[in-house]
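Here's the structure we're looking at; comments come further down.
Every number for a ligand or one of its atoms is a count from 1 in the order of the listing.
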Amino acid sequence: MNGYGKLLNGVQVLVVGGQQFGDEGKGKYADVFAQQADVIARCQGGANSGHTINANGKTLVTHLVPSGILYDQHGKINILGSGMAIDPRVLILELEALEKEGISFNHLIISLNAKLTLPQHIALDKIADELKKGDPAKGRIGTTGRGIGPTYTGHYARDGLRVNDMLNPDILKKRLALNLEDKIALLETYDPELVKKVMHHKDLSNGIYYDPKNIFNFDVIIEQYRGYGQRLKQFIRDTDAFVRKAKQDGKRLLLEGAQAYLLDIDMGTYPYVTSSNCSPSGIARGAGLDEKDIDLFLGVVKFPYMTRVGEGPFPTEFGGSKSAEWCGKDGITKEKEKLIYGEVSINDADGFNKGVAVRSAGNEYGATTGRPRRTGWLDLPLLRYAIEHNGPNVILTKIDVFDRCEEIKICVAYRYEGPHYNLGDIFLAHGTVLLTAVPEAEVLKYCQPIYESFPGWLCDTSQIRSFNNLPRLLKNIIGRVVKLSGMNPKIISVGADREQTIFV
Ligand code: IMP
């Protein structure tokens, strides 16, 4: 039995999810575990996530289709679950790209109950973020602009639409009219030029939905979405029932999480979160199962650093607020950063420069938006918080990014340096030391990291394939983090290739 066989022995339902702020490298393991599964499901989130697939020597980025689509040719079922927010335009573009590359999707199924992203959701998402730019008091989230928040808001407000509505024109019209009413009223209060500009964004099909009088052209939305429905009809069905039956029939299921625990709408660093449940229970629910159905949850953790995209507290960020500001600016791309900063070193004494170097070494630029990801040291108060909720089994990724780093720091606790704060029955005074993070942005923004330092291992780990052969200094750091956080590493990843995997 190989390493995966041992790990998956007795496991029928496996969930792979992020334990930090997303982009931990879940895709590599979702791909590896898809090979072992019969059914692969995406369960929450939508086109806000980006996953890079390497096929036929080409690189494709999918936002909605699960990475298991590469195994469609082997009869594996890929599902877009009921917990997802689906923008059919993006989905159809992805299917066209797969078709072009000769990647089949004969066993793809899409939940009839998935939440439907409509033009008004994307417009509202983009405008809200735009209006909050440059004023910290307005609490800008820095969303991906894919309409995720407004789509889920509609669902909870009970005036949302679902994928199946595209197949029933009269219901589509009725529900669209209801859903649009308050959106139009709100958009009419905004600067018409801004509304017009956003409505012409490429994510809104370059203005086809824009009507100067009513903001939205109702008939064009109906026509487009009916067309999307016809295109997708063959894939749409009750996936929740399908998943439950597959489980009963003893099929092996891989549920792949999108975003990550610290971005979970309920458990994350509120309000700087996404709008779906990215926790194991939310992932299971989004596929039509319950938390109790999960046999193994593997939480992916970048090590010994982490990243965050968008706004929100990040206590260990290299370069602090300077980095946050830089990464939040429009138009900063990998190429532009390289042009301005050239070859900065991961050992730079300046935190900001170090952060740029880590970004470059780890290729930390968003697959969906191209935005630079903010970078910082591994934060144990946040990791402890995630492990307390989701269990200790983790996959440590991207270790090789730090192969040349002379000093490794791990944040082992926080010192709260903000004003007195009431946290339920607990009173947080200035100077309080916290071992476990509190998922509240108003607290986290005042948390100063307390670090432990370690000498770097300074050797190439990318060719190592056994835990024993890892450098002693690296094993020491992992051992110390195990002791301090309670994590239980199952796999260590030392590069992007599947083979660059070490079983612990
Ligand atoms: P939204 O999901 O587009 O509403 O964005 C909410 C927050 O979640 C923003 O800070 C985004 O940068 C972040 N976010 C959303 N999707 C991802 C992801 O796939 N990886 C990392 N961050 C994400």
State, to 0.1 Å, how close Thr307 and Phe21 come at their nearest heavy-atom pair, and which atoms those are. O-CB, 3.3 Å
Would you check, one step at a time, whether the test side chain to side chain contact (heavy atoms under 4.5 Å, CB included) holds for Tyr421 with Tyr446? CA-CA 11 Å; Tyr421 188 84; Tyr446 294 114; over 6 Å; no
Using a 4.0 Å cutoff against the non-hydrogen atoms of [X], which atoms of ligand 1 qualify?
X: Phe21; answer: 21 (C), 22 (N)
X: Ser49; answer: 19 (O)
X: Ile141; answer: 6 (C), 10 (O)
X: Gly310; answer: 10 (O), 12 (O)
X: Asp23; answer: 20 (N), 21 (C)

[X] N/O under 3.5 Å from ligand 1 N/O:
X: Asn48; answer: yes
X: Glu311; answer: no
X: Asp125; answer: no
X: Ser275; answer: no
X: Thr274; answer: yes

Member of Leu118, Leu116, Leu93, Ile110 meeting the side-chain contact (heavy atoms from CB on, under 4.5 Å) criterion with Pro88: Leu116
For [atom], grab the closest protein heavy atom and report residue, atom and distance to one decimal in Å.
atom: atom 3 (O) of ligand 1; result: Thr144 OG1, 2.6 Å
atom: atom 5 (O) of ligand 1; result: Thr143 CA, 3.4 Å
atom: atom 17 (C) of ligand 1; result: Gln259 CG, 3.6 Å
atom: atom 10 (O) of ligand 1; result: Val309 O, 3.0 Å
atom: atom 9 (C) of ligand 1; result: Gly142 O, 3.3 Å

Hydrogens and angles aside, do [X] and [Y] bring a side-chain donor and acceptor to less than 3.5 Å of each other?
X: Tyr305; Y: Glu364; answer: yes
X: Asp31; Y: Tyr71; answer: yes
X: Glu337; Y: Tyr365; answer: yes
X: Thr62; Y: Arg42; answer: no
X: Thr461; Y: Asp403; answer: yes

Under a 4.0 Å heavy-atom limit, does [X] contact ligand 1 with its side chain, its backbone, both, or neither?
X: Val273; answer: backbone
X: Arg308; answer: neither
X: Tyr272; answer: neither
X: Leu263; answer: side chain

Any [X] heavy atom less than 4.0 Å from ligand 1:
X: Arg373; answer: no
X: Thr369; answer: no
X: Arg146; answer: no

Evaluate whether atom CD of Glu181 has more than 12 neighbouring non-hydrogen atoms of other residues, nucleotides or ligands under 6.0 angstrom away. no
Quick check on Phe105: does its CZ atom have over 12 non-hydrogen neighbours (other residues, nucleotides or ligands) under 6.0 Å away? yes
Atom CD in Gln19, atom NE2 in His389: separation rounded to 0.5 Å? 10.5 Å
Can you confirm whether or not the ring centre of Phe303 sits under 6.0 Å from the ring centre of Phe402? no
In this structure, which one of Thr369, Asp125, Thr274 forms a side-chain hydrogen bond (donor to acceptor under 3.5 Å, both in side chains) with Thr143? Asp125
